[in-house]
Participant: 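First, the structure itself, so that you have it in front of you.
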4 protein chains.
Amino acid sequence: MNKVTGRSMLLAILVSACGAAGPATADGTRARELGIPFAGEPGALNAITDVAGVEVGQVTLIRGDGELLVGKGPVRTGVTVVHPRGKDSTTGVFGGWFTLNASGEMTGTTWLQERGLIEGPIAITNTHSVGVVRDAAVEWMVGKGWSADWHAPVVAETYDGGLNDINGFHVTSAHALQAMSSAASGAIAEGAVGGGTGMVCNGFKGGIGTASRRFEVGGRKYTIGVLVQCNYNWDGDDLRLGGRRVDHLLPVGEHCFTDRSIERHNDWYPYCGDAGARSVSMNSRDGSIIVIIATDAPLLPHQLARVAKRPSLALGRLGAVSTAGSGDIFVAFSTANAGRVDESNHAEVSVFPNYALTTVFTAAVQATEEAIVNAMTAAETVIGASGFRVEEMPEDEVRAVFRRSGD
Amino acid sequence: MNKVTGRSMLLAILVSACGAAGPATADGTRARELGIPFAGEPGALNAITDVAGVEVGQVTLIRGDGELLVGKGPVRTGVTVVHPRGKDSTTGVFGGWFTLNASGEMTGTTWLQERGLIEGPIAITNTHSVGVVRDAAVEWMVGKGWSADWHAPVVAETYDGGLNDINGFHVTSAHALQAMSSAASGAIAEGAVGGGTGMVCNGFKGGIGTASRRFEVGGRKYTIGVLVQCNYNWDGDDLRLGGRRVDHLLPVGEHCFTDRSIERHNDWYPYCGDAGARSVSMNSRDGSIIVIIATDAPLLPHQLARVAKRPSLALGRLGAVSTAGSGDIFVAFSTANAGRVDESNHAEVSVFPNYALTTVFTAAVQATEEAIVNAMTAAETVIGASGFRVEEMPEDEVRAVFRRSGD
Amino acid sequence: MNKVTGRSMLLAILVSACGAAGPATADGTRARELGIPFAGEPGALNAITDVAGVEVGQVTLIRGDGELLVGKGPVRTGVTVVHPRGKDSTTGVFGGWFTLNASGEMTGTTWLQERGLIEGPIAITNTHSVGVVRDAAVEWMVGKGWSADWHAPVVAETYDGGLNDINGFHVTSAHALQAMSSAASGAIAEGAVGGGTGMVCNGFKGGIGTASRRFEVGGRKYTIGVLVQCNYNWDGDDLRLGGRRVDHLLPVGEHCFTDRSIERHNDWYPYCGDAGARSVSMNSRDGSIIVIIATDAPLLPHQLARVAKRPSLALGRLGAVSTAGSGDIFVAFSTANAGRVDESNHAEVSVFPNYALTTVFTAAVQATEEAIVNAMTAAETVIGASGFRVEEMPEDEVRAVFRRSGD
Amino acid sequence: MNKVTGRSMLLAILVSACGAAGPATADGTRARELGIPFAGEPGALNAITDVAGVEVGQVTLIRGDGELLVGKGPVRTGVTVVHPRGKDSTTGVFGGWFTLNASGEMTGTTWLQERGLIEGPIAITNTHSVGVVRDAAVEWMVGKGWSADWHAPVVAETYDGGLNDINGFHVTSAHALQAMSSAASGAIAEGAVGGGTGMVCNGFKGGIGTASRRFEVGGRKYTIGVLVQCNYNWDGDDLRLGGRRVDHLLPVGEHCFTDRSIERHNDWYPYCGDAGARSVSMNSRDGSIIVIIATDAPLLPHQLARVAKRPSLALGRLGAVSTAGSGDIFVAFSTANAGRVDESNHAEVSVFPNYALTTVFTAAVQATEEAIVNAMTAAETVIGASGFRVEEMPEDEVRAVFRRSGD
């Protein structure tokens with residue numbers, strides 16, 4: 001899993017819909033395989049798709065190599081889409097959202113907060129392609145026959161301008177629609193795929209990660225699933241995995257440029273051939289993380305807004321401080337009450353007991369914590385714009401830490 | 001109705017529980033009696049108690065006369081309590097809240113927003129007595145056997161420091177408990193009673209006002225009821241009643257001190273004997289308004305939060321700008337889903353259709369608009385601390401405006 | 001001013017940048033010309049551009065006629081852009097926002113709320129073109145050299161799907177960039193222009209409106225300017241102008257289809273040739289209003305958030321209830337502290353006194369009230385998709401009301 | 001430090017003002033003494049009082065023993081007060097607040113959010129005494145001559161109904177005023193003192209804790225200080241200290257009743273004499289935590305609101321999920337801009353650079369993490385109402401964990 005996603009591969013134009021890919025473990029190492037401990041009972045796939053009905057589609061754009069030419073590339077970006085009730089549904093879900101640090105964008109949130117409903121797909125892409133994906137989601141909804149006259153879909157972003165030609169606006173409406181139409185249930189590709197293609201997480205190559213938890217309340221069994229696009233970065237002195245501080249054990253921030261001749265070198269990062277490359281820490285501490293939480297427990301909108309706060313605690317477990325420039329925005333929805341979220345008629349809906357929400361919160365924190373680490377362990381090293389290279393997490397060293405600790 | 005609440009009356013210590021009083025019209029003129037037009041269909045009492053189950057209790061404290069001596073008086077204050085399901089219920093209601101301009105206090109709002117429930121009585125008093133009333137509400141709930149181990153009741157305030165010895169802290173726990181225990185359904189005394197005893201509304205003597213509207217959605221009949229404690233004041237150039245600008249027609253702000261010898265005269269208000277008294281406008285434009293909205297329509301918490309925004313529009317109709325120092329805080333609750341707001345078990349609850357919320361909003365705006373004007377028309381002139389005198393709205397002049405306009 | 005924007009004109013493809021147009025009164029009747037009374041002292045242009053530095057650009061798209069063919073037209077839409085410090089500035093302004101009823105979209109609000117800054121242009125367009133305009137604003141900012149690596153501009157919308165082929169996505173990035181680059185100070189075209197081209201306001205043809213107020217605090221003179229895109233509709237029983245109820249005096253909702261042969265007739269609206277056309281009220285009560293407030297008073301972000309609530313009160317003055325499907329979203333910014341809103345270094349900034357905010361609030365309410373009415377009086381009758389016809393406000397009848405009342 | 005706060009001591013009525021006590025280490029073991037690692041550079045006292053001007057006062061109420069008789073005792077409660085600019089100041093500070101899970105009360109927050117100012121003392125007490133302390137704070141402000149006519153102080157709570165006769169309402173206005181008047185700079189007593197007297201934190205005896213961090217931005221040195229009243233409890237499967245999971249190593253929840261004959265035994269806790277006592281975990285997972293953050297960095301209100309979110313991440317570091325019944329409410333203020341927070345006149349204020357906020361956030365997370373652990377390590381075992389016994393954290397076992405790990 002430690003092979004570099006190198007130059008030869010990058011020569012091809014790769015646009016793949018990954019939603020229906022094989023088991024997630026085929027695409028990247030999962031955190032549990034490295035011995036990192038997590039609490040709670042995961043679902044069958046340990047993925048957001050363990051929540052029945054949820055479908056995920058991804059389009060990965062990898063194209064070009066070498067020096068950055070705005071509008072030309074290199075391109076390292078994509079789109080990841082979550083359909084709460086599957087791509088063929090035209091009915092919404094109760095939802096809620098929260099932002100821990102809002103240096104970012106998630107469209108559709110004012111409407112979501114107002115009526116507690118999410119309609120249409122939820123999509124994640126790069127920062128400067130939110131608009132095109134948002135309008136594509138509108139187009140998707142019109143085409144599918146969603147009943148409202150107008151739409152305000154939920155589209156979020158993180159910034160991939162280190163590896164990707166973000167100002168080249170390479171994501172098109174067609175790419176977004178392809179991600180929406182190719183969505184499927186089943187395992188989800190993690191790491192440098194879809195919206196996560198160009199992302200950096202805690203100093204390592206990051207991107208898409210997912211996990212799930214099962215829980216039981218009042219004799220009823222439920223699942224919570226989480227999908228993250230992880231691009232946030234820590235403040236340099238505190239990284240924790242599996243309940244351990246690992247900031248002194250793990251090398252971090254060994255990003256460098258692969259070609260001394262490329263002009264885009266800057267003050268932050270060295271030429272990879274320099275002896276000192278490994279010792280230079282990543283200076284851009286910001287970044288962002290988008291978290292999508294799905295559950296089949298019958299939560300009302302105001303309860304989902306509470307769940308949407310819980311990724312904050314998962315980030316805390318990993319040592320994050322939610323930096324000043326980080327867009328840490330979280331959204332939660334419930335697939336329960338299908339066919340009963342009726343905006344035109346009186347309806348009866350199931351409600352989850354407030355006193356049992358701690359169980360949901362715990363599952364949400366646990367699944368988010370693991371999904372973030374999965375994004376880090378799944379991703380492989382990527383070389384992008386102007387030869388900028390972001391290293392993957394060193395798996396052997398991580399294994400060693402947890403073998404040694406006996407945790 | 002134009003008699004001054006004068007000195008002789010004030011010599012008595014008057015502590016009355018007014019919740020079970022006779023028809024509201026017996027206590028003060030209602031706005032419709034003056035010919036002011038209002039849209040919509042009111043309930044039988046045109047009061048918050050038209051919503052089945054709602055009970056209101058009030059304790060009015062009027063004591064002393066003459067110069068203000070902190071801790072002695074004069075006292076012009078009180079407590080008004082609304083029990084959403086009646087005083088003997090120990091089950092909560094779904095609720096929501098909003099603040100248009102938060103220069104004030106409403107306790108319990110963070111807990112309300114978190115779980116969408118109001119438990120216990122909702123009380124309104126003067127600004128500096130919120131604490132004692134709040135703890136009394138806790139004591140009430142413990143005594144009644146509300147099931148939770150702890151309580152965070154909703155208690156709000158407006159400022160009566162012009163007429164009342166507010167820093168004398170004259171409201172006691174016993175007064176608050178009396179308001180709670182004396183609550184009843186039926187007509188509600190309006191004007192200078194309960195928490196509204198010392199309040200000023202749009203430059204005139206204000207206080208408690210109430211109104212209601214009936215509406216029908218999907219063949220089901222519902223009621224919305226509003227109770228206000230009106231103490232807000234306009235910015236001096238715009239007062240509107242019944243859809244008319246009346247700022248140039250009505251004399252405003254002729255507050256004055258009744259005794260030249262009293263030291264507390266200040267720069268704002270003259271001695272009443274001065275010829276210029278009538279021409280001096282009330283300078284203290286601030287103040288506050290608390291609005292409590294009740295309905296039997298089955299609204300969820302996030303829907304009630306939307307309803308709680310609507311008093312903003314009623315204030316707009318009356319020409320308000322929600323001044324910088326005004327505590328304009330609104331709370332809404334639904335008495336529906338009785339016995340089904342279960343925090344320990346799964347439950348089924350009725351939900352109101354989003355698309356029909358406009359009907360609820362309209363009723364809420366209409367009832368709030370009328371409740372505010374009722375507070376103004378019901379109140380009689382009051383002379384309070386240091387002989388400070390706040391005039392009631394001049395009823396004959398108002399009648400003339402609306403007779404003349406033919407509206 | 002009562003001429004219909006008819007068929008022959010619509011045959012031309014009209015893409016005009018209207019920012020630098022002549023005096024606003026040349027483009028449409030302003031409310032004051034009809035005798036409608038407003039309080040407060042307007043600026044020289046009675047427009048948002050009275051705030052020094054503010055520039056406005058508009059692109060109006062009117063193309064095609066006859067039956068709606070999605071993707072073909074007819075097109076009745078556009079883009080309106082406000083540059084807080086002018087189009088050539090690359091420094092942000094302190095800002096705040098609020099939503100009264102969030103059935104709509106305004107991008108960039110989470111980031112605005114987080115750091116209290118607006119960077120880049122503020123744009124308004126139709127609901128389904130928010131994305132393309134948003135990405136165009138990003139492109140604009142990259143091109144102009146705004147210093148941040150990424151951008152989250154503020155782009156809002158209202159729905160023009162009655163008159164316009166909204167699902168044809170006719171607004172392009174080029175249109176948005178044209179609106180941005182053509183922006184200018186000076187008078188602003190009102191009514192059916194720019195983003196307001198296809199909008200309906202209180203049952204009449206609406207769109208863009210603007211107004212301003214001067215005020216003085218502590219011996220310093222300030223201006224507040226407002227620009228609205230008015231597309232909201234009332235609940236059918238209450239419309240107020242100039243502090244008067246006019247719902248019974250003014251005909252409303254006489255929208256109809258001009259050609260009986262067109263298939264898109266629906267249950268709401270009749271064929272214009274029918275005798276009953278005038279008596280059919282507009283049934284689609286929803287809609288939306290975007291309000292942009294500019295001031296040169298040195299307000300901090302949390303103070304601007306307070307100002308951003310005030311359009312609620314202006315809407316109340318006009319009889320609105322902010323219907324369930326209305327996207328009533330407001331944003332406010334201050335052009336003060338130019339060059340001192342420094343994100344990288346310590347800075348000293350001017351702060352406006354809290355106690356004087358009432359003056360700002362009053363000006364904001366007054367200017368918003370007038371801007372909305374200006375949008376209604378300036379707009380002319382428009383015939384759009386499938387011959388759908390939205391009548392302008394009948395100016396003579398309005399004049400008669402205010403001449404008669406003597407208000 | 002492991003001695004039980006036992007019966008003989010409890011026979012005395014102990015009302016002590018602890019603000020001016022000796023070094024905090026004299027009152028309880030601090031976390032660093034046990035070898036628990038923390039990042040960042042603490043101030044001289046590692047306390048909130050490292051922020052110049054901040055004064056803290058505490059009143060501890062310990063009275064009675066044996067069976068609970070409501071109104072009689074036993075009493076294990078108190079009040080902790082923070083004066084942002086010292087007890088003799090009558091000028092406010094910029095402030096902001098946040099609630100992660102709002103199962104609790106903090107008064108004054110709507111007013112704080114509206115204008116970004118905190119005036120008067122900030123106080124913490126038990127849940128059912130918020131009112132009396134709040135009114136006492138009003139009385140304090142009136143007495144001290146704070147200039148406003150009315151006050152809405154910030155008073156918060158956590159629930160001590162396990163150890164304390166909370167429904168006996170034993171905190172009086174005099175106690176609260178004593179805490180306010182006895183406040184001082186210098187070291188702060190931690191653990192079972194003041195408002196924290198009856199609190200339980202992560203299953204151990206908790207209460208008051210404090211810590212601080214120094215940081216430097218743009219060549220200027222600043223301090224952030226934190227004081228917590230820690231009463232929150234985890235969900236049973238995850239406790240982390242110093243970046244380590246310690247849930248399997250540390251015994252937790254060995255609470256029991258000391259006297260089999262007392263009737264108040266319940267299903268959750270056993271008689272202490274039972275062999276199984278140690279193995280019974282505390283079942284009441286809820287609780288709450290109030291966090292007060294002070295800094296001398298010149299943050300504006302919207303920046304302080306961002307800082308106020310950061311305790312969420314400190315709680316995450318400790319394994320918390322912020323349970324459904326937890327009142328996790330945080331408030332932050334800045335002592336900078338003294339004399340320049342002028343509500344009546346224009347003023348110039350210093351502003352901290354947004355891009356450097358990460359440094360503040362990191363310090364806030366670090367100090368909150370340590371303050372919570374200090375609350376746990378400082379507290380000694382307490383026996384309270386009906387002989388209910390809450391164990392202190394076992395110091396030797398904690399020392400062993402961190403000695404063994406070598407972290």
Participant: Examine whether an atom of C:L357 lies under 4.5 Å from a heavy atom of chain D, and if so say whether it belongs to the side chain, the backbone or both; otherwise answer neither.
Facilitator: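 For C:L357, there is no contact with chain D at all, as no heavy atom is under 4.5 Å.
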Participant: When heavy-atom pairs shorter than 4.5 Å are enumerated against chain C, which of D:P301, D:G116, D:G218, D:G96 gives the highest number?
Facilitator: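 Option with the top pair count is D:P301.
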Participant: Identify, with sequence neighbours excluded, every residue that meets side-chain contact (heavy atoms from CB on, under 4.5 Å) alongside D:A332.
Facilitator: D:I293, D:L304, D:V307, D:A308
Participant: Return the option, out of D:P298, D:A356, D:A347, with the maximum number of heavy-atom pairs under 4.5 Å with chain C.
Facilitator: D:A347
Participant: Measuring heavy-atom distances to chain D, does C:V217 have an atom under 4.5 Å in its side chain, in its backbone, in both, or in neither?
Facilitator: both
Participant: Pull every donor-acceptor pair under 3.5 angstrom between chain D and chain C and give the atom names with distances.
Facilitator:
| unit_1 | atom_1 | unit_2 | atom_2 | d |
| --- | --- | --- | --- | --- |
| D:E114 | OE2 | C:R306 | NE | 2.6 |
| D:R115 | O | C:H302 | NE2 | 3.0 |
| D:Y222 | OH | C:H346 | NE2 | 2.5 |
| D:H302 | NE2 | C:R115 | O | 3.0 |
| D:R306 | NE | C:E114 | OE2 | 2.6 |
| D:R340 | NH1 | C:E348 | OE1 | 3.0 |
| D:E343 | O | C:N354 | N | 3.3 |
| D:E343 | O | C:Y355 | N | 2.9 |
| D:E343 | OE2 | C:N354 | ND2 | 2.7 |
| D:H346 | NE2 | C:Y222 | OH | 2.5 |
| D:A347 | N | C:V351 | O | 3.2 |
| D:A347 | O | C:V351 | N | 2.7 |
| D:E348 | OE1 | C:R340 | NH1 | 3.0 |
| D:E348 | OE2 | C:S350 | OG | 2.5 |
| D:V349 | N | C:V349 | O | 2.8 |
| D:V349 | O | C:V349 | N | 2.8 |
| D:S350 | OG | C:E348 | OE2 | 2.5 |
| D:V351 | N | C:A347 | O | 2.7 |
| D:V351 | O | C:A347 | N | 3.2 |
| D:N354 | N | C:E343 | O | 3.3 |
| D:N354 | ND2 | C:E343 | OE2 | 2.7 |
| D:Y355 | N | C:E343 | O | 2.9 |

